[in-house]
Every structure is written in C-alpha cells, then in structure tokens.
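Worksheet for the structure shown next.
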Amino acid sequence: MPEIPEIETVRRQLEATIVNKQIKLVEITREKTFNVPIEEVLHHLEKTTVTRILRRGKIIILQFNQPISLLFHFMLEGYLKYLNPTEEFEKNYQLMLEFTTGEKLYFCKMYLGYIHLEMTTDLDQITEIQELGPDPLDIDFTAAKFQQMLTRRRKMIKPLLMDQDFIAGIGNTYSNEGLFLAGILPDRKASELQTGEIQKLYSKLRQILRESINLGGVRDTAYSSSDQLTGGFTPELKVSYREGEPCYVCGTPISYAKIGGRNAFYCTVCQH
DNA sequence: CACCATGTTAGCGG
DNA sequence: GCCGCTAACATGGT
C-alpha cells in the first residue's frame with residue numbers, strides 16, 4: 001500500500017516530531033530486519049541527535065549529528081507509531097527509539113520491509129537508492145524526460161509505472177488512479193502511447209500525487225494519537241478497490257483484472 | 001485448512 | 001537484453 005503520498009506523510013510527521021531530539025535508548029527485537037548486527041545499530045544510534053528526514057521513492061532516510069544514515073522501507077505492512085511518555089504500546093515492534101524527552105518511536109511489522117544502517121550521509125553512495133529511477137515529483141522529472149523514457153519500452157504501462165528502477169515511488173494504487181485520470185488502459189504498451197496521452201499521464205500522475213500528499217495519503221496506520229492527517233485521500237480514489245461499482249464519470253461498472261500479476265482496476269469506457 | 005493482499009527480487013522461458 | 005509469468009519472502013484476514 002504505501003506509495004509516495006503515504007511515505008511522504010510519514011516523513012513530514014517525523015520532521016515535525018523528532019528532528020533535534022536525542023536518542024536515549026534503542027531496542028531491537030528482530031535482527032533479520034537489519035543489514036548489520038544489533039550491537040552495531042545500538043552503538044551508532046544511542047546518544048545521537050536526529051538532524052534530517054529525507055525520502056527517495058518509498059524509502060525514508062533518517063540522518064543524525066554523525067556520518068550515518070538509517071534507511072527504512074515499509075514494504076507491505078510496515079508502519080511507525082510515535083507515542084508520548086504517558087501512552088502505552090505493547091504490540092510487536094522490531095525497533096524502538098526512545099528520546100531523552102521521553103517520546104518513543106516504534107517501527108512495527110518490519111518483516112518483509114527492512115531497516116538499514118549505512119555509514120555515509122551521501123545518498124548517491126547508497127546502493128538501495130542508486131537503483132531507483134527518478135522521483136515523479138522531482139523538478140528534473142519533466143514531461144519531455146518522461147516521454148523519452150517511455151519510447152523504447154515495450155512493457156505494459158501499468159507494470160512499468162510500478163517498476164522502481166523506472167520511476168521511484170508509484171505502486172498499485174496510484175498507477176491505477178493515474179491511468180484512469182489519463183484515460184489510458186493499464187495493459188497498453190508504453191512505446192505505443194501517443195504524445196498527447198503521455199503528456200496527460202504525466203500531469204495527472206503528478207497532480208494526484210500532490211493532492212494525495214496534501215490530504216495525508218490513502219488508508220494507513222495513524223502516526224500518533226493526535227494524527228488527524230493520515231488517510232485523508234482515501235475517499236478520493238476513483239477506481240482502486242471499486243470493482244463492479246459505477247464509474248464516477250460514466251456509470252459503467254469498474255473492471256478488475258490481473259495485469260503483470262497485480263490487481264488492476266479501470267473503466268473500459270473512460271480508458272482506451 | 002487454503003488462499004489472497006501488499007512491494008520487491010530472483011529465476012525461468014519466450 | 002527485454003518481457004511476462006511465477007514463486008518466495010512474513011504475516012494477518014477471510
């Protein structure tokens with residue numbers, strides 16, 4: 001589920017809550033989630049102060065007053081929970097950071113997901129990030145560049161949009177929604193899209209990602225007990241999870257098919 | 001009990 | 001090398 005808007009919503013809440021806080025205590029309950037031994041994570045994180053929170057695609061990067069980066073990817077189910085000293089949290093977690101101010105940050109359901117400690121702050125030197133395609137909201141990601149990227153690709157457009165090496169941060173939900181808004185069927189070959197269709201897909205994709213970020217993304221776990229933002233975009237979804245329900249534009253029942261092994265939702269009248 | 005969902009990667013055949 | 005398909009990963013829900 002988590003794609004750019006959901007990840008960016010988390011990043012912004014981290015920025016608002018943990019920047020400039022010092023880590024007092026670190027607890028780890030699942031070594032497999034990490035790329036280095038537990039002792040190494042504890043050694044590098046304890047007593048450090050959070051300085052920056054970055055995002056590349058679906059990856060969040062915490063940086064500190066030390067030359068290290070803590071990367072994490074939620075994959076399917078991962079989420080964060082930020083709690084006040086007065087709040088109790090007993091559910092399973094794989095990493096807990098307690099700050100000197102008393103708040104605790106829990107990393108939950110990081111089973112398929114990962115938390116990686118890297119000994120650099122230079123993102124260009126980190127493999128997981130080197131492999132990513134451009135971020136669709138990046139200023140350098142222009143319509144002309146998008147068109148040029150699509151020309152040689154014979155792949156179906158939906159799986160291509162979800163390919164993180166091609167573009168970083170789009171998954172099942174926003175590929176469905178973007179293609180609906182652009183009027184393009186999900187199994188069209190990328191190289192066969194017309195210039196006008198590519199332009200429309202480019203602008204609709206960026207527009208929906210921005211709107212969703214502003215509304216807190218799609219149904220997701222709340223960051224904290226005071227979090228009123230997360231999930232605000234859920235009622236705005238046009239086709240995702242609406243199989244058989246009427247299209248908001250033409251009334252035709254929304255179709256569903258496996259495309260590239262993934263659930264595609266689309267309207268056979270509005271999309272060509 | 002089996003199956004499905006999520007994101008990602010690896011492996012296989014065309 | 002590219003493309004599409006399948007399985008695997010871990011877990012919870014039906």
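As the structure is a computational prediction, the values presented were derived from the model and not from experiment. Just so it is clear: chains get the letters A, B, ... in the order the sequence lines come, proteins before strands, and each one is counted from 1.
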*Going by distance alone, is a donor N or O of one side chain under 3.5 Å from an acceptor N or O of the other, for E87(A) and S225(A)?*
yes
*Ignoring backbone atoms, establish whether K258(A) has a side-chain N or O less than 4.0 Å from OP1 or OP2 of dA5(B).*
yes
*Can you find a side-chain donor-acceptor pair between T195(A) and Q147(A) that sits under 3.5 Å?*
yes
_Proximity to the side chain of M156(A) - top-ranked nucleotide from dG7(B), dC5(C), dA10(C)_ = dC5(C)
*asked:* Can you measure F166(A) atom CZ to dG4(C) atom P for me and round it to whole angstrom units?
replied: 13 Å
*Do the side-chain N or O atoms of Y241(A) get closer than 4.0 angstrom to the phosphate oxygens (OP1, OP2) of dC4(B)?*
no
*For K32(A) and dC9(C), is the shortest distance between a side-chain N/O and OP1 or OP2 below 4.0 Å?*
no
_Gap between atoms CG and P, on L112(A) and dA5(B) respectively (whole Å)_ = 15 Å
*Once you round it to whole Å, what is the distance between P of dT6(B) and CE of M162(A)?*
8 Å
*Find which nucleotide of DNA chain C each of G261(A) and R153(A) is nearest to by heavy atoms, and output the residue with the more 5' nucleotide.*
R153(A)
*Residue-phosphate contact under 4.0 Å: H73(A) side-chain N/O, dT8(B) OP1/OP2*: yes
*With sugar-phosphate meaning primed atoms plus P, OP1 and OP2, does F72(A) contact a base, only sugar-phosphate, or nothing at under 4.0 Å between heavy atoms?*
nothing
*asked:* Nearest whole Å is fine: how far is dG12(C) C1' from E77(A) CD?
replied: 6 Å
*asked:* From NE2 of H116(A) over to P of dT8(B), roughly how many Å is that when rounded to an integer?
replied: 13 Å
*asked:* OP1 or OP2 of dT8(B) versus the side-chain N and O atoms of K58(A): is any pair under 4.0 Å?
replied: yes
All N/O donor-acceptor pairs, side-chain side in residues 54-61 of chain A, below 3.5 Å, sequence neighbours left out:
residue: R55(A); atom: NE; partner: E8(A); partner atom: OE1; Å: 2.8
residue: R55(A); atom: NH1; partner: G57(A); partner atom: O; Å: 2.9
residue: R55(A); atom: NH1; partner: D135(A); partner atom: OD2; Å: 3.0
residue: R55(A); atom: NH2; partner: D135(A); partner atom: OD2; Å: 3.3

_So that I can tick it off, tell me whether E98(A) and K24(A) are bridged by a salt bridge, with the cut-off set at under 4.0 angstrom between side-chain N and carboxylate O._
yes
*Roughly, in whole Å, what's the span from CG in L150(A) to P in dC3(C)?*
11 Å
_Counting only side-chain heavy atoms from C-beta out, which of dG7(B), dC3(C), dA10(C) sits nearest to K189(A)?_
dC3(C)
*Run the ring-centre check on Y79(A) versus F74(A) and record whether the distance is less than 6.0 Å.*
no
*Using whole Å, report how far OH of Y79(A) lies from P of dA10(C).*
19 Å
*Verify the distance criterion only: is there a donor paired with an acceptor across the side chains of N176(A) and K158(A) at less than 3.5 Å?*
yes
*asked:* If the cut-off is 4.0 Å, is N263(A) near the phosphate of dT6(B), judged by side-chain N/O to OP1 or OP2?
replied: yes
_Check the orientation of Y114(A) and H116(A). Use parallel for under 30°, tilted for 30 to 60°, and perpendicular for over 60°._
parallel
Below 3.5 Å between N/O atoms, which protein atoms pair up with nucleotides 9-11 of chain B? Just atom names and distances, please.
none

*Assess the side chains of T49(A) and Q22(A): does a donor N or O sit below 3.5 Å from an acceptor N or O?*
no
*Please report, rounded to the nearest Å, how far the P atom of dT8(B) is from the CD1 atom of I115(A).*
16 Å
*asked:* As a test of reading the structure: which of dC3(C), dG7(B), dT11(C) is closest to the side chain of L76(A), going by heavy atoms?
replied: dG7(B)
